[in-house]
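Quick notes on the structure that follows.
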Protein chains: 4
Amino acid sequence: MAGNTIGKLFTVTSFGESHGPALGCIVDGCPPGMPLDVADLQRDLDRRKPGTSRYTTQRREADEVRILSGVFEGRTTGTSIGLLIENTDQRSKDYSDIAGTFRPAHADYTYQHKYGFRDYRGGGRSSARETAMRVAAGAIARKYLRERYGIQVRGYLAQLGPVKAQVLDWSVVEQNPFFCPDPGKIAAMEDYMAALNKRGDSIGARINVVASGLMPGLGEPVFDRLDADIAHAMMSINAVKGVEIGAGFAVVEQSGSEHRDLLTPEGFSGNNAGGILGGISSGQDITVSLALKPTSSIRQPGATIDTAGDAMEMSTHGRHDPCVGIRATPIAEAMLAIVLMDHVLRHRGQNMDVNCTTPVLPAAVEPDRAAKGVS
Amino acid sequence: MAGNTIGKLFTVTSFGESHGPALGCIVDGCPPGMPLDVADLQRDLDRRKPGTSRYTTQRREADEVRILSGVFEGRTTGTSIGLLIENTDQRSKDYSDIAGTFRPAHADYTYQHKYGFRDYRGGGRSSARETAMRVAAGAIARKYLRERYGIQVRGYLAQLGPVKAQVLDWSVVEQNPFFCPDPGKIAAMEDYMAALNKRGDSIGARINVVASGLMPGLGEPVFDRLDADIAHAMMSINAVKGVEIGAGFAVVEQSGSEHRDLLTPEGFSGNNAGGILGGISSGQDITVSLALKPTSSIRQPGATIDTAGDAMEMSTHGRHDPCVGIRATPIAEAMLAIVLMDHVLRHRGQNMDVNCTTPVLPAAVEPDRAAKGVS
Amino acid sequence: MAGNTIGKLFTVTSFGESHGPALGCIVDGCPPGMPLDVADLQRDLDRRKPGTSRYTTQRREADEVRILSGVFEGRTTGTSIGLLIENTDQRSKDYSDIAGTFRPAHADYTYQHKYGFRDYRGGGRSSARETAMRVAAGAIARKYLRERYGIQVRGYLAQLGPVKAQVLDWSVVEQNPFFCPDPGKIAAMEDYMAALNKRGDSIGARINVVASGLMPGLGEPVFDRLDADIAHAMMSINAVKGVEIGAGFAVVEQSGSEHRDLLTPEGFSGNNAGGILGGISSGQDITVSLALKPTSSIRQPGATIDTAGDAMEMSTHGRHDPCVGIRATPIAEAMLAIVLMDHVLRHRGQNMDVNCTTPVLPAAVEPDRAAKGVS
Amino acid sequence: MAGNTIGKLFTVTSFGESHGPALGCIVDGCPPGMPLDVADLQRDLDRRKPGTSRYTTQRREADEVRILSGVFEGRTTGTSIGLLIENTDQRSKDYSDIAGTFRPAHADYTYQHKYGFRDYRGGGRSSARETAMRVAAGAIARKYLRERYGIQVRGYLAQLGPVKAQVLDWSVVEQNPFFCPDPGKIAAMEDYMAALNKRGDSIGARINVVASGLMPGLGEPVFDRLDADIAHAMMSINAVKGVEIGAGFAVVEQSGSEHRDLLTPEGFSGNNAGGILGGISSGQDITVSLALKPTSSIRQPGATIDTAGDAMEMSTHGRHDPCVGIRATPIAEAMLAIVLMDHVLRHRGQNMDVNCTTPVLPAAVEPDRAAKGVS
């Protein structure tokens with residue numbers, strides 16, 4: 001299928017440019033009968049929305065979503081769900097100066113070469129604005145997973161540049177503009193952002209996402225492993241440069257005796273596996289960690305070339321997030337929910353008759369690594 | 001599609017269990033007219049083959065591949081290519097003791113729950129033996145990319161447990177059993193493996209893969225980004241727990257002014273992007289880094305449960321790789337080649353008429369980060 | 001993919017119910033650089049639009065389409081194209097009486113069983129209203145095929161109940177409300193429809209569609225044959241119960257010596273094949289014929305059951321087409337264009353380097369069977 | 001996906017040329033736990049096998065299938081099933097004379113243009129030999145449908161050239177080499193074939209296939225309708241030029257009052273719909289009818305061109321079926337089973353929780369049209 005669709009049974013297909021009239025997506029394959037209204041989507045959209053704190057872009061988008069189909073008398077019908085968000089704060093003039101140049105570390109150069117020309121207004125299709133539809137679609141998946149199976153998907157900012165969260169307190173995550181889980185680090189993040197803003201630079205971040213309450217059995221050998229599909233979904237988010245499952249890159253220096261999560265009648269002894277063995281969920285928490293690069297749109301001037309290939313210098317003065325990671329938590333949650341939802345449906349399709357002959361282990365509490373970057 | 005297929009236009013669909021009669025795959029979508037014979041596949045298969053050094057499993061498989069279709073008079077016909085490798089060294093008795101238990105950190109537990117029962121002989125479908133077909137299929141993609149476009153795909157072992165390669169000398173990579181690019185570290189790797197073997201343990205590794213000579217334009221916004229599809233392909237390899245593109249997790253602490261690769265008429269100033277911007281290839285080298293977990297089959301005993309849920313202890317005495325990373329380089333190369341091949345065909349399908357109005361930048365030499373883990 | 005997507009490289013994904021707020025679709029994979037504006041789509045939409053003659057439903061929909069993305073400065077960008085049509089003439093009250101019953105020969109019964117409940121307003125997703133988006137998306141494909149390759153896709157009504165067109169005069173097709181190609185039969189069709197209306201009944205029809213000017217080589221062995229994908233696309237149109245390629249069902253009584261189209265240096269001697277051999281286009285005209293069932297919504301009362309399973313009688317007094325075939329010509333053209341477009345892109349992806357060593361035959365004029373049903 | 005795969009959740013991917021070393025396929029997505037051995041496949045393969053009567057090609061292929069994976073201890077494991085048939089009776093010399101020419105009405109001309117060259121031995125990939133793998137894969141689907149749901153898929157030859165079956169006696173179908181359901185017509189078919197053979201010609205045929213015992217609810221709006229996917233699968237069979245569902249092309253002249261199948265508490269009043277309403281199964285029998293063209297390989301000489309484009313004459317003296325329809329019944333059954341299986345899994349994935357609030361109607365006996373062509 002063409003590149004704007006994700007999923008096999010539960011699919012999301014999206015469209016929309018940063019400065020076009022609207023963004024939209026089609027969610028196909030949702031089971032029928034689930035209560036759904038706009039408020040179910042708006043909560044997550046508001047969490048992602050720009051302009052809600054001084055640490056994110058001041059571009060203001062209402063991000064009000066409309067449900068255009070697939071819901072009747074308050075319930076999903078099983079047919080495709082059309083979602084639409086009109087763009088309201090476009091200010092195309094902000095971007096007219098970039099028509100003839102390539103912003104460093106943006107997609108300008110690559111879109112130009114792929115397609116021969118490009119919608120240069122605010123990055124067009126390559127803008128992070130596109131992620132609004134991921135969040136809207138993901139909210140449908142999250143709701144189903146939660147209501148039907150008790151599966152919970154949630155994330156947090158584990159690290160902002162040099163500032164690492166060291167405590168995971170879920171109750172704090174939604175109470176600060178960073179999605180930071182460590183109440184003792186919020187002030188440090190605020191200070192860091194203020195200094196960053198002063199020098200006109202940007203910074204990277206690490207986001208962790210956790211899914212709890214899963215059944216074992218999700219994931220398809222050998223290419224559509226659950227972890228492979230999660231890696232695909234996460235790496236498809238703008239600015240993501242790395243994905244880890246469970247212990248992630250720490251495994252390079254782990255020995256087998258250290259890495260392996262032993263099985264006991266009380267549950268697994270740890271979760272280095274991140275909840276996935278052989279590409280299939282084990283029932284433990286699925287733990288995913290992402291690296292997001294710093295925004296390339298910064299005030300500090302940098303060398304580049306114009307579309308004729310000549311050298312020039314540019315700096316960016318538009319309204320940009322100095323740390324795209326700050327708003328990425330709801331996006332990462334949405335992508336994980338979409339992947340899990342797709343695999344729940346695929347698993348049911350093939351294996352709904354399986355009578356597991358073995359009792360499912362409890363998902364043990366793992367003191368060793370509840371969250372990456374939380375030392 | 002079901003889970004044993006990867007790709008959209010250039011697809012690989014595989015089958016086969018560790019101890020079944022044979023492994024096979026179907027490569028579909030290969031352009032016609034390319035010279036192809038068994039020797040083209042066998043070279044990479046031999047690089048992956050077990051039993052070729054004392055650092056890998058002593059299980060001996062000839063891994064002789066047959067081409068059953070899709071090639072006529074020495075050239076690909078454009079129709080589907082059937083490949084087959086008969087299993088010759090099976091020794092099923094080695095594995096009969098694991099029928100009633102779950103080996104820790106293996107897929108035994110999850111396959112059992114997904115399907116209700118499992119082929120317990122050597123891991124069945126979850127065995128790394130399955131990767132032989134990836135290598136065979138990948139060799140077809142590599143050949144086409146190289147001969148038609150001059151694209152080169154190659155990899156190396158960047159780190160084995162604590163031993164890091166610090167020099168990247170491509171001429172050394174194929175001259176040692178580790179695919180190590182640093183001639184000064186080979187002895188250290190040998191020593192490390194000997195000590196590891198003595199204590200009956202295993203170790204993780206980091207593999208780097210690089211594709212050079214690409215055209216810009218490969219990759220599809222927004223979900224089938226090139227990096228997203230690479231992440232999917234890499235994470236689908238057994239034992240992989242992390243994937244990085246370009247600077248990878250280092251971006252978490254990078255500032256924008258540090259991270260961004262500037263454009264100059266002579267080329268990019270660096271390659272923190274790993275050759276991909278906005279999900280689309282820029283023409284620079286694509287750099288990918290993988291973390292492979294230590295083999296879980298070790299001699300050191302560990303707690304587990306049997307299929308009735310009761311506690312027991314087990315240790316593994318079969319023929320296993322103490323470091324699966326050692327043989328993973330050809331597999332990672334194959335997966336990268338398969339993804340690139342698929343995207344070359346997809347790009348041609350949509351964009352073959354594009355006249356790029358901008359000269360393509362030379363892929364600058366980047367002294368700063370030719371290879372991750374090579375400091 | 002879920003069921004609301006068609007195509008592999010050029011894909012159309014749609015949503016929308018008859019009486020919901022809007023219909024929409026996403027066209028993905030369109031090559032960049034093609035001039036496109038709303039007028040390009042509106043022409044075909046207007047040809048399909050209800051309420052334009054007294055022979056179709058009097059429901060009046062403006063069917064004004066908006067292009068929401070994928071077009072910049074008047075040209076396609078290569079990214080996904082979002083299309084939207086707001087529903088304006090809904091009159092939901094017309095349909096409230098069918099909530100508790102199953103209209104005979106409609107999808108009411110099957111949707112209810114598949115999903116557990118249904119959007120009963122005007123058939124919801126099963127309404128022929130959904131075909132508006134097919135026509136909009138198809139117009140994009142038609143434009144590309146025509147402008148890039150000179151491929152022409154056009155259709156006509158070959159038979160309306162007992163009234164068969166016997167002359168194929170393309171210049172007449174767009175000049176009458178039936179898309180009838182035989183000027184001598186238009187009056188007979190008018191009379192037939194008037195009588196039909198009087199007795200409150202409906203009638204079936206046959207539509208023929210022809211694609212001319214194709215290159216040989218479109219179609220993929222063995223499952224995605226061009227004719228197989230055409231059959232899929234055509235049978236996916238509401239009310240279609242039969243599809244023929246070339247000689248169609250007449251082949252049952254043909255001998256091989258009669259059926260085979262001989263090759264001569266001047267071209268093929270006939271076109272029983274309908275332009276497709278072995279699932280691949282030959283360069284001759286592709287000829288497709290469809291059977292459309294009579295509308296089931298008729299004034300004549302008929303037995304049915306309510307949702308409790310009890311017997312009842314119903315007749316339909318809404319605004320319905322007495323012959324859905326009359327408006328089906330633009331829909332069938334659109335579907336053929338979508339399939340051809342997808343196969344053009346797929347063919348280019350795999351085979352763009354092929355140098356055919358054999359001159360392509362001229363697509364000979366075939367006096368024997370320019371059009372089915374046109375004796 | 002590339003063209004040699006069919007299905008979405010239950011997929012079949014095949015390879016193999018008429019005169020290559022082997023044919024094979026991979027069946028992916030089969031539910032685990034179903035007893036399966038070679039005999040389950042061989043029965044249908046033997047029904048399709050050439051050389052079993054004097055009315056089919058005298059080429060003799062053992063068509064002995066091997067199961068290479070996906071079955072353990074006699075049951076399907078849920079992983080991909082590899083199937084292989086070695087070609088044993090190839091006689092490539094029979095075909096060497098066609099290397100430089102295009103056989104009329106064969107795929108020679110189109111393969112040559114698509115791929116630039118072709119495997120000319122016996123048609124290569126375009127040979128009907130490829131259908132052996134469809135039958136093998138279809139046998140797996142049939143077994144599951146029958147054993148899990150009581151669904152029965154069976155077919156028969158409804159018409160051989162001018163000779164029409166007029167009685168449908170299922171007990172006769174497997175007792176004659178034609179799969180003819182009318183005991184009174186077998187002698188006429190024998191006579192017809194003898195005369196045909198004498199004059200060196202071939203003839204077309206009509207095959208009907210029926211699926212009984214289905215649940216309502218199979219099929220996905222709007223593009224992957226059940227009838228659309230059936231049409232795709234049937235038209236993908238070599239030589240098929242037309243597909244009908246239910247009343248098929250007869251609907252062109254039907255009025256709505258005549259066509260509509262009324263619902264009564266005792267069941268539907270007829271089955272003009274062929275068991276599918278709005279693209280979704282109703283629970284009635286699914287009835288499909290196919291037209292197969294006459295073999296183009298006949299002894300009667302005919303004009304053609306060589307690969308240089310020059311006129312020549314050719315006649316075919318190889319071992320060919322004078323009526324491909326005779327052996328097509330098991331193939332058509334297999335394709336219907338594959339489509340139904342795929343849709344059963346897709347339906348379960350999305351809708352396994354649906355509690356139908358309406359009792360399912362009995363699938364009424366329909367005296368009016370149990371079988372097309374059986375008057």
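All chains are named by letter (A, B, ...) in the order of the sequence lines, taking the proteins before the strands, and each is independently numbered beginning at 1.
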Parallel, tilted or perpendicular: which one describes the rings of A/Phe72 and C/Phe117, with boundaries at 30° and 60°? parallel

Is there a side-chain contact between C/Thr79 and A/Tyr111, using heavy atoms and a 4.5 Å cut-off? yes

Okay, A/Ile67 and chain C: the region with an atom under 4.5 Å from a heavy atom over there is backbone

Heavy atoms of A/Asp28 and C/Gly3 approach each other most closely as OD2-N, 3.4 Å

Determine whether A/Arg125 and C/Ser80 satisfy the following criterion, side-chain contact (heavy atoms from CB on, under 4.5 Å), listing intermediate values before the conclusion. CA-CA 9 Å; A/Arg125 185 69 178 143; C/Ser80 51; 3.8 Å; yes

Between A/Arg75 and chain C, with a heavy-atom cut-off of 4.5 Å, which part of the residue counts as in contact: side chain, backbone, both or neither? both

Using a 4.5 Å cut-off on heavy atoms from C-beta on, say whether the side chain of C/Ile26 contacts that of A/Ile26. yes

Chain C interface, residue from A/Gly124, A/Gly70, A/Gly33, A/Gly29 that has the most non-hydrogen pairs under 4.5 Å: A/Gly70

Does A/Glu73 reach the side chain of C/Tyr120, with side-chain heavy atoms less than 4.5 Å apart? yes

Taking all non-hydrogen atoms of both residues, which atom of C/Phe15 and which atom of A/Ser69 are closest, and how far apart? CD1-OG, 3.2 Å

Out of A/Leu68, A/Leu84, A/Leu23, A/Val27, return the one with the most heavy atom pairs under 4.5 angstrom to chain C. A/Leu68

Can you tell me how far CG of A/Asn4 sits from OG1 of C/Thr11, rounded to the nearest 0.5 angstrom? 8.0 Å

